[in-house]
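Below: the structure, in C-alpha cells.
The analysis underlying the following values was restricted to heavy atoms, covering all of them including side chains, and did not include hydrogens, waters or symmetry mates. Throughout, residue positions are numbered sequentially from 1 according to the sequence presented. Source: prediction; values computed, not measured.
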Amino acid sequence: MLYERTLGLVSVVITCHNISSFIKECLDGLLKQTYCNIEVILVNDASSDDTSQVIKEWIERNNPPFSVEIIDLPRNVGFAGALTTGYFLSKGEYIAVHDGDDISHPERLEKQVCYLQEHSEIDVLGSSYAYFHDGDFQEFKKENWLRYGKSIRELYAKGGHCVCHGTLLFRGEVFDKIGGPTRRIKGAEDYEFIAKCLNAKLNVENLPDVLYYYRFHSKQRSQQFYRKEATKDEQ
C-alpha cells in the first residue's frame, strides 16, 4: 500500500545551502501563489551562513497562511540527499521542486496542478522559465532549449535533456514508486531523475508558460557544472 497523501496539497520542497541572500525572495514568491493549499519544506543542508535564521525571521515577520517546516541537517549531505529528505517528509498529493535562489510566478502552482488534474496520464510536469542575473530581475530572458510532448521522451532516449528541474511538479506517488534523485552522479541528478521516470514508463510534459525565474549568481551550485551551457543560451 502506498503512503497515504493529502489530496490537493502541494508539498514545495526547497533545498538550501548558503543562500541567505536569496531565500526571502523565494519565499515571497510562494506567499504570492494563487494556489493556497501548500506546505513548504525547507531542507537546510548544513549551511555555514545564516540561512536558517533568515528563514525563521521571514516566518515570524510574514506569518504565512501555510505551514513552513525547516529541517536543519547536521552535516552536508549534498543536493540529492537533501532533496530526498524533503520528499520523504512531504505529505502532499503533489510535490513541487523549488531551488532556494529562484522565484516562482504567482500562478505557477495553480496552473501546474490544474494541468495534472485535467491530464491524468501525465505524471511529471515542468514548465518554461526565464533566467536573469542577480540584481537585474527586470532583464530576464526566456529559455530556448526545452521540448514538449513526445519530443521529450525521444530526446532523453538519445541522451539529451530538455526539462528544467526547478520547474517540476509531480504526483507524490511518483516518489513513492521510484524514489528521488541519485547521489551517484554529481551534477546530473536532475537528468537522472527524469530519465528514471521515463524508464519507469511515466509520462513527462512541459508547459510552455513561463512559470519560473532562474537566477544566475556566482555562488550557485550549477555554475561549476553548467556555466558553459548557460553562457551559450544567453547569446
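- With sequence neighbours left out, S90 forms a side chain to side chain donor-acceptor pair (under 3.5 Å) with R5.
- Counting heavy atoms from C-beta outward, I103 and F132 have side chains that approach closer than 4.5 Å.
- When all heavy atoms of C162 and I152 are compared, the pair lying nearest together is SG-CA, 3.8 Å.
- Residue pairs that meet the side-chain hydrogen bond (donor to acceptor under 3.5 Å, both in side chains) test with at least one member in residues 193-211, sequence neighbours left out, are K111-D209.
- Taking the centre of each ring, Y212 and H98 come in below the 6.0 Å mark.
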Check against side-chain hydrogen bond (donor to acceptor under 3.5 Å, both in side chains), S151 and R147 | CA-CA 6 Å; S151 296; R147 298 293 183 272; over 6 Å; no

Stepwise, does the side-chain hydrogen bond (donor to acceptor under 3.5 Å, both in side chains) test hold for S20 with D50?
-> CA-CA 6 Å; S20 61; D50 59 344; 3.1 Å; yes

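- Residues in residues 70-92 take part in these salt bridge (Lys or Arg N to Asp or Glu O under 4.0 Å) pairs, two or more places apart or across chains: E39-K91.
- Pairs engaging residues 148-159 under the salt bridge (Lys or Arg N to Asp or Glu O under 4.0 Å) rule: none recorded [sequence neighbours left out].
- Scanning all heavy atoms of the two residues, the minimum distance from S127 to L211 falls at OG-CB, 3.5 Å.
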Give every donor-acceptor pair under 3.5 Å between a side-chain atom in residues 60-68 and any protein atom, sequence neighbours left out.
residue, atom, partner, partner atom, Å
N62, ND2, W58, O, 2.9

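- Of the inter-residue distances, the one linking L202 atom CG with F170 atom CZ reads 10.5 Å to the nearest 0.5 angstrom.
- Ring geometry, H161 versus W145: the interplanar angle falls from 30° to 60°, so the pair is classed tilted.
- The aromatic rings of H165 and F79 lie perpendicular to each other, with more than 60° between the two planes, well past the 30° mark.
- Ring geometry, F216 versus Y214: the interplanar angle exceeds 60°, so the pair is classed perpendicular (tilted spans 30 to 60°).
- A search for side chain to side chain donor-acceptor pair (under 3.5 Å) contacts involving Q53 returns E57, not counting sequence neighbours.
- Applying the side chain to side chain donor-acceptor pair (under 3.5 Å) criterion to D99, with sequence neighbours excluded, gives no partner residue.
- Residues satisfying the ring pair (Phe, Tyr, Trp, His ring centres under 6.0 Å) test with F88, not counting sequence neighbours, are F175.
- S48 meets the side chain to side chain donor-acceptor pair (under 3.5 Å) test with N18; sequence neighbours excluded.
- Heavy-atom minimum distance, A200 versus I178: CB-CG2, 4.0 Å.
- Residues Y213 and Y129 form no side-chain contact, since every pair of their non-hydrogen atoms from C-beta on lies 4.5 Å or further apart.
- Residues satisfying the side-chain contact (heavy atoms from CB on, under 4.5 Å) criterion with C16, sequence neighbours excluded, are I14, I19, I23, L42, N44, T51, I55.
- Although no hydrogens or angles enter the test, the distance criterion places no donor-acceptor pair under 3.5 Å between the side chain of E189 and the main chain of P181.
- A search for side-chain contact (heavy atoms from CB on, under 4.5 Å) contacts involving A157 returns nothing, not counting sequence neighbours.
- Minimum heavy-atom separation, A96 to V10: CB-CG1, 3.8 Å.
- Remark: K142 NZ is packed, more than 12 non-hydrogen atoms of other residues, nucleotides or ligands lying under 6.0 Å away.
- When all heavy atoms of P208 and S128 are compared, the pair lying nearest together is O-CB, 3.2 Å.
- Counting all heavy atoms, side chain and backbone alike, E69 lies closest to I71 at OE2-CD1, 3.5 Å.
- To the nearest 0.5 angstrom, Y94 atom OH is 12.5 Å from T6 atom OG1.
- R171 meets the salt bridge (Lys or Arg N to Asp or Glu O under 4.0 Å) test with no other residue; sequence neighbours excluded.
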